Amino acid sequence: MLERLHAHIVKKAPEILGLPAALTPFPVKKLLLQQLLNWQFRHALAEGELDFLEGRLLGIDIADVSLQWITTMQDGRLAVLQHAEADVWFRGNANDLLLVAARKADPDMLFFQRRLAIEGDTELGLEVKNVMDAIELDAMPTALRTAIQQMANFVEAGMKQDAKATQARAGVAC
């Protein structure tokens with residue numbers, strides 16, 4: 001019973017979180033995203049690893065939580081924009097992107113399973129992916145790393161429970 005509830009929460013959480021995300025005005029989202037991104041990537045920014053984003057526009061789309069933004073470099077910092085034409089888009093669902101951030105899912109595998117999409121300038125997309133792959137979990141701010149890992153553990157366990165339940169139902173005669 002608890003396993004089914006766990007799996008249900010994992011499956012429905014993005015939909016539930018999507019409502020406040022959709023209702024939050026973009027200037028509030030922009031402020032939060034810019035702070036989070038610049039905090040997370042502070043070392044990469046300091047070492048110039050993200051300079052290739054200067055004048056380039058990277059779109060992020062997490063459709064199941066109604067969250068979409070465009071990131072670029074401005075004055076040595078990551079900036080978030082709402083209305084611009086992105087050079088490349090990264091699209092995925094919240095649970096998969098969380099698992100990628102926690103290093104519990106391989107982005108290449110998700111790409112080939114069509115659960116993660118890179119559309120537009122694939123060369124830029126691969127540069128972004130390589131920078132993301134190079135960031136060690138230990139380089140993340142402790143509070144962010146801990147939160148991501150705990151949420152990813154919860155999501156991963158819930159997805160496994162859902163997969164087990166699906167397999168069990170597949171063997172039941174109608």
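Predicted model only: the values in this text are computed from it and were never measured. We use all heavy atoms of the structure for the numbers below, so side chains are in, but hydrogens, waters and symmetry mates are not.
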Whether R91 side chain and A117 backbone form a donor-acceptor pair below 3.5 Å: no

For D64 and N93, indicate whether the former's side chain and the latter's backbone hold a donor-acceptor pair under 3.5 Å. no

Decide yes or no on side chain to side chain contact (heavy atoms under 4.5 Å, CB included) for F154 and I9, but give the supporting numbers first. CA-CA 10 Å; F154 185 81; I9 290 170; 3.9 Å; yes

Considering residues, nucleotides and ligands other than M109, do more than 12 of their heavy atoms fall under 6.0 Å from its CE? yes

Given 3.5 Å as the limit, does a donor-acceptor pair link the side chain of D87 with the main chain of G120, or not? no

Please check if M159 and L5 belong to a single hydrophobic cluster, counting links between Ile, Leu, Val, Met, Phe, Trp and Tyr side chain heavy atoms closer than 4.5 Å. yes

How close do K129 and P107 get, counting heavy atoms only, and between which atoms? CE-CG, 4.4 Å

The reported gap from NE2 in H8 to CD in E3 (rounded to nearest 0.5 angstrom) is 15.0 Å

From CG (N130) to CD (E127), nearest 0.5 Å: 8.0 Å

Gap between atom CG of L50 and atom CG of N38 - 0.5 Å precision: 9.5 Å

Rounded to the nearest 0.5 Å, the CD atom of Q149 sits from the CG atom of L98 at a distance of 10.5 Å

Distance-minimising heavy-atom pair for F26 and W69: CE1-CB, 4.3 Å

Please check if F52 and M73 belong to a single hydrophobic cluster, counting links between Ile, Leu, Val, Met, Phe, Trp and Tyr side chain heavy atoms closer than 4.5 Å. yes

Using modelled atom types and a 3.5 Å cut-off, is there a donor and acceptor pairing between side-chain atoms of R77 and backbone atoms of Q74? no

How many angstroms lie between atom CD of Q40 and atom CD1 of I148, to the nearest 0.5 angstrom? 6.5 Å

Where W39 and P141 come nearest, the two heavy atoms and their spacing: CZ2-CB, 3.0 Å

Just by distance, do the side chain of T72 and the backbone of L53 share a donor-acceptor pair under 3.5 Å? yes

Quick check: do W89 and I118 have side-chain heavy atoms less than 4.5 Å from each other? no

If you take all heavy atoms of R145 and L137, which pair is closest and at what distance? CD-O, 3.1 Å

Taking C-beta and beyond as the side chain, do V155 and H6 meet within less than 4.5 Å on heavy atoms? no

Under 4.5 Å between side-chain heavy atoms, counting indirect links through other Ile/Leu/Val/Met/Phe/Trp/Tyr residues: same cluster for L36 and L31 or not? no

Which atom pair, heavy atoms only, marks the closest approach of V131 to E49? CG2-O, 3.8 Å

Can you tell if the side chain of L33 reaches within under 4.5 Å of the side chain of I60, non-hydrogen atoms only? no

For N153 and K104, does a side-chain donor sit closer than 3.5 Å to a side-chain acceptor? yes

Side-chain donor or acceptor of S66 paired with backbone N/O of A21 under 3.5 Å: no

M151 side, atom CE; L99 side, atom CG - distance, nearest 0.5 Å: 10.5 Å

Determine, step by step, whether V88 and E119 satisfy the side chain to side chain contact (heavy atoms under 4.5 Å, CB included) criterion, reporting the C-alpha distance in whole Å, the side-chain angles of both residues, the deciding distance to 0.1 Å, and the verdict. CA-CA 6 Å; V88 64; E119 301 168 357; over 6 Å; no

Should L78 and I70 be regarded as members of a common hydrophobic cluster, given that ILVMFWY residues are connected when their side-chain heavy atoms come within less than 4.5 Å of each other, either directly or indirectly? no

Between A84 and L81, which heavy-atom pair has the shortest distance, and what is it? CB-CD1, 4.3 Å

L57, L67: one ILVMFWY side-chain cluster at the under-4.5 Å cut-off? no

For M132 and F41, what are the C-alpha separation, side-chain angles and deciding distance, and is it a side chain to side chain contact (heavy atoms under 4.5 Å, CB included)? CA-CA 9 Å; M132 299 291 289; F41 295 108; 3.5 Å; yes

Judged by atom type as modelled, is there a donor-acceptor pair below 3.5 Å linking the side chain of Q34 to the main-chain atoms of V80? yes

